[in-house]
Undergrad: 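This is the structure I want to talk about, given as structure tokens.
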Amino acid sequence: MLLISCPWCGARDETEFSCGGEAHIARPADPNALSDAEWADYLFMRKNTRGPYLERWVHTAGCRRWFNVARDTVTNEITAVYKMGAKPPRARAKASRRKR
Amino acid sequence: MKGMTRYSIFSLVRNAIGYHEGWPRAWRSPEPRETYDVIVIGGGGHGLATAYYLAKEHGITNVAVLEKSWLGGGNTGRNTTIVRSNYLWDESAALYEKSLQLFEGMTPDINFNIMLSQRGVINLAHNLHDLRELTRRVGAIRLNGIDSEVLNTQQVKAMVPILNCQPDARYPVLGASLQRRAGVARHDAIAWGLARAADARGVDIIQNCEVTGILRDGGRVTGVETTRGTIRAPKVGIVVAGHTSVLAAMAGIRLPIQSHPLQAMVSEPVKPVIDTVVMSGAVHVYVSQSDRGELLLGAGIDGFNSYAPRGSLPVIEQQMAACLELFPIFSRLRVMRTWGGIVDVCPDASPIIGKTPVEGLYINGGWGTGGFKATPGSGWVFAHTMAQDRPHPLNEPFALERFTTGALIDEHGAAAVAH
Amino acid sequence: MAQSHRLSDGGRIDREQPLGFTFNGKSYQGYAGDTLASALLANGVMLVGRSFKYHRPRGILSAGVEETNAPVQLETGPRTEPNLPATEIELYDGLSAASVNCWPSVEIDAMEVNDLLSRLMPAAFYYKTFMWPARFWMSYEKAIRQAAGLGTTPVHRDPDRYDKMHLHCDVLVAGGGPAGLAAALAAGRTGARVVIAEQQAEFGGALLGERDEIDGAPAIEWVAAALAELAAMPEVRLLPRTTVFGYYDHNFVALLEHRGDTVGTRKRLWKVRVKQTVLATGAIERPLVFADNDRPGIMLAGAARTYANRFAVTPGRRAVIFTNNDDAYRTALDLKAAGVEVACVVDLRGDPDGDLPDRADAQGIEVLGGWAVTAVHGRKRVNAVEVMALDASGEAVDGEPRRIDCDLVCVSGGWNPTLHLFSQSGGRARFDAARSLFVPGDSMQAECSVGAANGTFGLASCLTEGHEAGAAAAAGAGRRRSQKRISVPRVAETVEGAWRNLWVVPGKHPVGRRAKHFVDLHNDVTAADIQLSAREGYESVEHTKRYTTLGMGPDQGKTSNIAGLAILARERGADIPDVGTTTFRPPYTPVTFGALAGRDIGPLADPVRRTPMHHWHERAGAVFEDVGQWKRPRYYHRPSETMGDAVDRECLAARNSVAILDASTLGKIDIQGPDAAELLNRVYTNAWDALAVDRCRYGLMLGEDGMVMDDGVTARLGENRYLMTTTTGNAARVMGWLEEWLQTEWPELKVHLTSVTEQWATVTLSGPHARRLLGAFTTDIDLDAKAFPFMSLRQGTVAGIPARVFRISFTGESSFEINVPAGYGLALWTALMGAGEKYGITPYGTEAMHVLRAEKGFIIVGQETDGTVTPVDLGMDWVLSKKKDFIGKRSLDRADCQRLDRKQLVGLLTEDPNSVLPEGAQIVSELRDKPPMPMIGHVTSSYFSANLGRSIALALVKDGRARQGQTVHVPLDDRTPRAVIADPAFYDPEGDRLHG
Amino acid sequence: MADPFQWQSPLAHLGLAARSNREGDPGDAGVHLSERPARTQVNLRGDSADDAFNEAVTMVLGVGLPARPNTTAAGEGVTVLWLGPDEWLVVAAPDVDRLAALETALAGHGAAVTEVSESRAVIGLTGANAREVLMKGCALDLHPRAFRAGRCAQTLLARAGVILHQTGNEPAYDIYVARSFADYLWTWLEDAAGEYGVRVTGADT
Ligand SMILES: Cc1cc2nc3c(=O)[nH]c(=O)nc-3n(C[C@H](O)[C@H](O)[C@H](O)COP(=O)(O)OP(=O)(O)OC[C@H]3O[C@@H](n4cnc5c(N)ncnc54)[C@H](O)[C@@H]3O)c2cc1C
Ligand SMILES: NC(=O)c1ccc[n+]([C@@H]2O[C@H](COP(=O)([O-])OP(=O)(O)OC[C@H]3O[C@@H](n4cnc5c(N)ncnc54)[C@H](O)[C@@H]3O)[C@@H](O)[C@H]2O)c1
Ligand SMILES: Cc1cc2nc3c(=O)[nH]c(=O)nc-3n(C[C@H](O)[C@H](O)[C@H](O)COP(=O)(O)O)c2cc1C
Ligand SMILES: [Zn+2]
């Protein structure tokens with residue numbers, strides 16, 4: 001079970017949070033300017049990476065704030081937690097130590 | 001299927017006399033060749049069924065199934081084995097019914113006892129909303145010519161006497177749907193039986209061969225890069241369940257799929273206590289009892305993307321609490337093993353089967369929590385799609401384009417999990 | 001009562017406390033401190049069970065959790081529990097247990113025929129048979145099912161209680177043997193928060209069953225001192241009878257404590273977040289695979305001496321020790337010391353030469369070096385073994401067999417470190433080729449393995465390793481090292497020789513012929529089965545496991561996995577590490593369902609939410625409906641009324657006099673800030689800029705996919721303040737949705753949201769007398785229709801309570817929604833009920849509410865919609881702003897949303913006005929005599945409307961609006977009513993009553 | 001104002017006052033439970049980085065907002081609980097009506113002041129085993145090294161969202177729970193505390 005560090009409340013159990021999927025997908029400024037395919041890309045298409053992944057979480061049962069998490073989807077290791085609007089941490093040069 | 005020793009009670013007796021030392025291999029272990037007519041990536045049930053039907057229905061036998069690990073070890077080997085065809089939308093009903101019918105003929109077809117046990121699947125309704133949805137579903141299924149019926153509480157109680165049908169239960173049973181032709185099938189047998197049958201028709205099943213790249217030439221697929229070298233083919237099918245996005249990304253294709261862990265567990269073996277399969281999508285309880293006596297239980301998905309085929313304890317705690325509310329007498333039984341699989345979930349809980357923007361590259365994935373029941377049907381339509389380079393009418397609605405047009409086939413219903 | 005095999009002194013049992021028990025109906029006696037297994041052995045009972053498949057007689061194999069042969073049904077009645085290993089059951093007075101999987105008795109078992117037919121039942125034979133005739137499979141299966149399974153499920157509700165606790169600690173030590181105790185001591189001395197869990201009743205591990213010495217005294221004295229020191233440390237928690245069963249991500253570890261308390265808690269699940277874990281789980285002895293190695297009387301060597309030393313029980317009178325290592329010589333020595341005749345030690349090694357063989361030799365114990373047991377005589381109990389000399393290769397035996405009488409065979413094939421938890425933590429085992437065993441590899445989480453679990457078998461090294469790991473773990477958890485010098489206790493180290501691994505002991509006949517060589521006793525998997533699976537191509541270890549069921553029983557292969565994969569490796573001509581292991585999964589030992597559910601059952605199964613007026617409703621005979629976690633009155637039952645009568649009565653009251661509804665469950669969100677209207681503009685489909693203060697507006701919210709997500713009325717409370725209402729079921733979701741957009745996408749908007757769902761109790765008065773009734777309670781709100789028009793709100797007092805009154809209506813009647821602080825909800829309700837009596841005020845539930853709104857053609861999200869319905873489908877184009885963007889707007893332009901034949905909301909009127917269609921029923925336009933029939937839609941809502949004197953329904957129908965007036969069919973089980981497509985607004989379509 | 005007798009606390013239907021009298025002497029019950037008396041609860045949202053906002057709040061409340069997560073600040077008759085980076089719960093005795101004052105003082109500061117006094121029940125939990133009871137349903141580390149008097153947290157207790165406020169090191173806790181969950185949570189707490197012995201105590205102010 002994950003232990004997630006809310007940037008405000010500190011480390012809490014996974015059960016207090018909800019995952020909001022891939023991070024850094026901005027809503028297009030002018031949806032009408034997009035083709036159906038481009039709109040579909042925004043709506044549905046996700047990287048769903050195997051390995052290091054940037055995603056959004058919200059501290060549902062705590063402060064109800066959204067934030068970003070860098071997590072490896074294979075090891076579940078969390079390498080960074082950063083606030084909404086912040087830039088993602090630079091990709092770690094060294095790949096995650098833990099390979100399963 | 002010339003090359004295949006037939007299994008029967010006679011062959012068993014014959015071999016018993018020889019101390020079972022004369023049984024041949026169920027499938028070969030060939031070295032990969034340089035080129036094939038078709039490459040199927042993924043040696044799960046769907047991939048093997050695809051290869052089998054390519055050979056059987058379309059005469060295409062120069063086929064390789066590439067499996068990164070051991071065949072049948074993906075979700076095919078880790079699901080709760082529920083098979084049914086009682087789906088809401090016409091498109092789904094047609095596809096899953098085709099699959100159930102293929103299952104019904106599969107044991108003799110592949111000469112391998114897949115232990116299809118049509119012991120009936122019951123879906124419970126716990127509130128008025130469930131009940132309304134259930135009526136809608138059963139009506140649709142029946143008008144699609146598929147067997148399904150509505151049960152009232154007394155009828156459910158009669159079929160599953162151990163179910164808590166008290167009116168004051170936290171999850172009262174207000175009714176249920178029943179598909180009598182539905183049930184369970186032995187997951188391993190399906191993978192192994194299909195592998196053996198495909199192999200007998202000339203298909204090369206290559207295990208421990210991970211696809212690491214998809215080769216393209218000007219928008220056309222030309223083969224794959226693997227841990228055992230480059231293998232070429234003009235047609236490549238991706239049938240890798242939880243890893244669909246990973247493989248698609250190798251060809252530059254983005255998909256509307258999220259991979260999540262889904263857990264299941266078995267109890268210690270006990271004497272028969274439950275004959276039917278009972279599902280409650282609302283509270284994530286999926287129970288059946290295997291022929292060996294273990295209770296097989298499914299849980300809900302873990303709420304985040306992950307490729308780690310293990311899950312979190314809270315999911316199981318929640319599942320168990322709901323399970324005991326429905327089956328109080330299970331309280332003193334013991335869980336023997338828990339495990340997880342990685343399921344590929346589409347936004348509308350329906351699969352993607354069809355062509356991709358890359359010519360010669362086909363995709364069959366997004367089955368999420370419920371593709372075991374589709375194994376033969378999926379292989380059948382996908383073989384058709386690959387052989388003819390166009391979808392069969394059964395899988396036409398399941399094209400990737402639906403996410404652009406908006407023509408989703410939303411099978412969520414009440415539950416996020418559809419075993 | 002005589003305990004024929006009990007020693008007169010020694011052991012850790014309390015002879016002052018005799019305990020009576022029954023097994024298979026016969027009465028016996030044991031002592032406090034016994035397990036059921038030791039007590040049975042004390043009484044000379046060895047035959048305890050029948051095997052899973054062949055129903056072969058089986059005796060006690062081990063003294064611990066690795067037991068495969070002795071699952072029993074403990075107790076009868078509501079407390080019965082199937083499949084508990086006798087070795088794990090602590091004896092108590094009055095215990096009653098029985099063998100499982102045998103009929104009529106364990107002595108004579110009818111299903112033993114399976115053993116005779118076993119030639120026809122090799123691994124996975126069922127995949128090759130029962131195929132003809134195909135339709136017979138279900139009958140075959142029925143018979144198979146009856147035969148399978150071990151114990152039986154209770155037929156009653158569990159009378160016992162279970163609970164759970166969360167725990168955080170610096171150091172968790174799994175296992176309370178010497179290594180674990182040493183680790184706990186070292187960590188505890190730093191002041192760290194330490195938890196040490198031991199699955200057995202007593203701490204001490206192997207030391208409980210050995211004659212070791214520490215610091216020159218019996219080792220057990222060191223254990224007692226260690227425990228005393230630990231118990232005195234305030235931050236150390238000792239958990240006996242507690243199994244660490246699951247190691248999850250982020251150092252989350254699950255423990256199951258057996259408290260055995262029938263009044264309080266029977267079992268407790270500990271959920272521990274650990275900074276550093278020390279795995280000191282010991283090692284499990286390997287049996288040897290030889291001909292008929294499953295006979296009762298064949299026992300692990302370590303277990304045999306545990307019975308002698310710890311339980312003062314001699315498991316036999318005359319023993320043969322069969323080993324490949326030195327450790328088993330301890331058994332020879334200890335049994336001899338306990339008065340058991342040791343016939344000889346059969347050692348697979350040609351020339352055993354460690355300290356222990358020397359000691360055995362000195363004791364005059366015969367040692368047959370380079371010999372093997374090749375046959376076992378005695379079906380229900382060993383009475384002799386045959387032994388033969390191995391040839392030079394070790395692949396075969398030759399020479400004359402020698403017969404040795406004995407009733408006990410103590411076997412040892414070496415030891416396997418217990419790697420389960422390490423493996424669950426993500427670690428990959430490393431193969432130690434020199435010793436042919438798997439040891440922990442690199443750590444993937446903050447854990448480390450020590451002692452036998454780390455492949456360290458000498459006691460002195462176990463203690464040192466434990467101490468070092470404990471101190472390091474405490475340091476790793478941020479504690480400063482203790483100032484005190486840690487003195488590691490002194491132990492004389494015994495020199496032990498290497499093992500000789502013969503994974504299948506050669507015999508007179510090839511494997512698979514005549515005798516059976518069991519690998520997995522639980523599932524009756526033999527060496528021949530494994531060979532067969534490899535031969536047939538099931539050669540991945542995972543295939544072999546599944547094909548043969550190796551390691552898939554309740555013991556999860558604790559004694560069998562290694563031998564199994566070694567045999568497979570040999571068959572494949574591969575090295576053991578290349579074959580690899582199967583995956584260890586939680587739980588380490590089986591975990592009771594009840595413990596995983598804890599107290600989340602019965603009345604606490606799932607939180608129930610109640611409104612402030614709940615208890616009034618209860619007393620008034622309300623029948624409740626579950627809406628999410630809320631309980632809402634569905635209708636108010638009166639004696640002699642059917643539900644239909646009640647709903648009719650409630651509906652008529654709402655249109656003819658006055659009716660009252662508890663609407664407190666609706667979601668309410670207080671929206672404040674200068675950009676509040678802008679937020680509404682973005683999340684609702686219509687425009688909000690022009691809404692005046694004190695006015696309300698209906699809003700429809702879409703998902704970004706264009707599908708209807710929620711609806712509700714939002715009121716403007718002030719310049720920069722709005723109150724949004726949501727549906728009951730979606731309240732939390734909508735609140736989350738708005739927050740998500742605000743925080744992630746539109747941080748520039750100056751808006752704050754606060755949920756006030758629970759702050760207000762909401763009482764709705766509906767009907768022609770509503771105004772007059774309310775008028776009696778308020779002086780500061782002018783209720784006149786002109787002064788207080790439809791879709792507006794007033795703040796004032798009602799019954800002296802500060803209130804917000806909204807003129808909105810879901811029933812289509814003139815209606816007032818009165819919001820008061822929740823604590824006043826009941827007061828207001830009772831006041832209105834009292835004063836309303838003269839108008840015949842009638843409380844109504846959700847059912848009547850649904851009928852009333854359906855009469856008006858109002859939708860319910862989740863009933864008329866299902867995530868695939870757009871506002872256009874609902875005929876609600878009027879609520880879509882053309883001028884602005886809103887969430888979901890772009891999706892409405894997609895091809896599929898533009899289709900002309902989409903399903904649209906319509907009304908349905910059955911030809912027979914008394915026929916009420918079932919909700920959810922499917923609709924066809926052309927009736928065929930049998931399915932398949934193309935469906936054009938389904939009934940979303942359907943009721944008998946007492947006000948209209950007929951049935952009404954809403955439906956989603958393909959191209960429905962164009963079909964107005966058409967007749968459609970609704971094929972049901974027993975009838976096929978016809979209905980005409982109509983406008984969905986059945987009652988007062990102009991809305992005069994609303995405004996009145 | 002309405003007749004105060006009409007007002008009902010969230011747990012009024014349980015008849016706790018009567019029970020607390022009946023149960024008399026605390027004896028050796030390990031856990032004491034009570035429904036805490038009515039308080040004014042105000043949800044406050046605003047920008048903690050805005051000095052003017054902070055000052056305005058301090059002015060009205062006589063105490064500054066706790067800036068550190070999971071902490072509280074106590075002033076004269078008022079306690080402020082940290083709920084989030086821009087969110088606090090102001091708790092005061094019901095007679096102290098600072099709501100209007102806050103509203104006035106904060107107007108124009110981009111803040112939101114919302115009365116939520118009726119939204120939550122407050123359950124008092126004390127006694128030697130109070131911590132164990134919480135541990136049965138709450139995943140927070142409540143050990144004195146990690147959580148002490150003056151700390152608060154929004155978290156889950158027995159699957160209900162709560163604000164947990166440690167009011168004393170005895171230990172003593174105030175548990176704020178949504179009114180609709182109050183009956184459930186009370187039942188859960190009594191059940192969890194059963195093994196230690198439970199005494200219902202009167203609502204002491
Ligand atoms: C716990 C659980 C319970 C379930 N219960 C049910 C149920 O009751 N009923 C039901 O109908 N469905 C159920 N499902 C879903 C069902 O198991 C799957 O939908 C179905 O088995 C998918 O089959 P598949 O052949 O597509 O995938 P898999 O069996 O997963 O096969 C995909 C294969 O692709 C291989 N692969 C992946 N990447 C590569 C690569 N790069 N190169 C080569 N090979 C690769 C994998 O190793 C794997 O063997 C459940 C799933 C889970 C996890
Ligand atoms: N000479 C040999 O060949 C040989 C081989 C093995 C062991 N030994 C002896 O055994 C001892 C090893 O000491 P040790 O402390 O490493 O092991 P141990 O076997 O003494 O103690 C391990 C303890 O962990 C407990 N345990 C195991 N799994 C558990 C779990 N999941 N949860 C809770 N408890 C669990 C066991 O019940 C046991 O009490 C030494 O005395 C050593 O000399 C000798
Ligand atoms: C239908 C079904 C039944 C199973 N029955 C058992 C069982 O009786 N015993 C057992 O140990 N495992 C059983 N398993 C679980 C497997 O051992 C294994 O955990 C699962 O296939 C996932 O593989 P993995 O744990 O090796 O990753 C069963 C799995 C499935 C899908
Ligand atoms: Zn937080």
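A, B, ... follow the sequence lines: proteins, then strands. Residue 1 opens every chain.
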Undergrad: Go through it in stages, so that I can follow the logic: the residues are A:L43 and C:R894, the test is side-chain contact (heavy atoms from CB on, under 4.5 Å), and I'd like the CA-CA distance, side-chain angles, deciding distance and then a yes or no.
TA: CA-CA 12 Å; A:L43 260 190; C:R894 294 174 303 169; 3.9 Å; yes
Undergrad: Give the C-alpha distance, both sets of side-chain angles, the deciding distance and a yes or no for side-chain contact (heavy atoms from CB on, under 4.5 Å) between C:D893 and A:N32.
TA: CA-CA 9 Å; C:D893 293 339; A:N32 282 318; 3.7 Å; yes
Undergrad: Can you give me the closest heavy-atom contact between C:W741 and A:R27, atom names plus distance?
TA: CZ3-CD, 3.4 Å
Undergrad: Under 4.5 Å, counting heavy-atom pairs only, tell me which of A:A26, A:G85, A:S18, A:P28 racks up the most with chain C.
TA: A:A26
Undergrad: Under a 4.5 Å heavy-atom cut-off, does chain C meet the side chain of A:F44, its backbone, both or neither?
TA: side chain
Undergrad: Please look at C:F252 and chain A and tell me whether the side chain, the backbone, both or neither of the residue comes under 4.5 angstrom of a heavy atom of that chain.
TA: side chain
Undergrad: A:R64 and C:Q743: which non-hydrogen atoms are nearest, and at how many Å?
TA: O-NE2, 2.9 Å
Undergrad: Would you say C:E704 and A:Y42 make side-chain contact, with heavy atoms under 4.5 Å?
TA: yes
Undergrad: Looking at A:D30 and C:R890, does any basic side-chain N land under 4.0 Å from a carboxylate oxygen?
TA: no
Undergrad: Starting at CG of C:D705, measure out to CH2 of A:W39 and round the result to the nearest 0.5 Å.
TA: 10.0 Å
Undergrad: For the residue pair A:M1 and C:V253, establish whether any side-chain heavy-atom pair is separated by less than 4.5 Å.
TA: no
Undergrad: Other residues, nucleotides and ligands only: do more than 12 of their heavy atoms fall within 6.0 Å of CG on C:D578?
TA: yes
Undergrad: For the residue pair C:R273 and A:L2, what are the closest heavy atoms and their distance?
TA: NH2-O, 3.0 Å
Undergrad: Just give me the residue among A:R65, A:M84, A:R56, A:E14 that pairs up with chain C most often, heavy atom to heavy atom, under 4.5 Å.
TA: A:R65
Undergrad: Please test C:H250 against A:D13 for side-chain contact (heavy atoms from CB on, under 4.5 Å), starting from the C-alpha separation and ending with a verdict.
TA: CA-CA 10 Å; C:H250 295 192; A:D13 267 12; over 6 Å; no
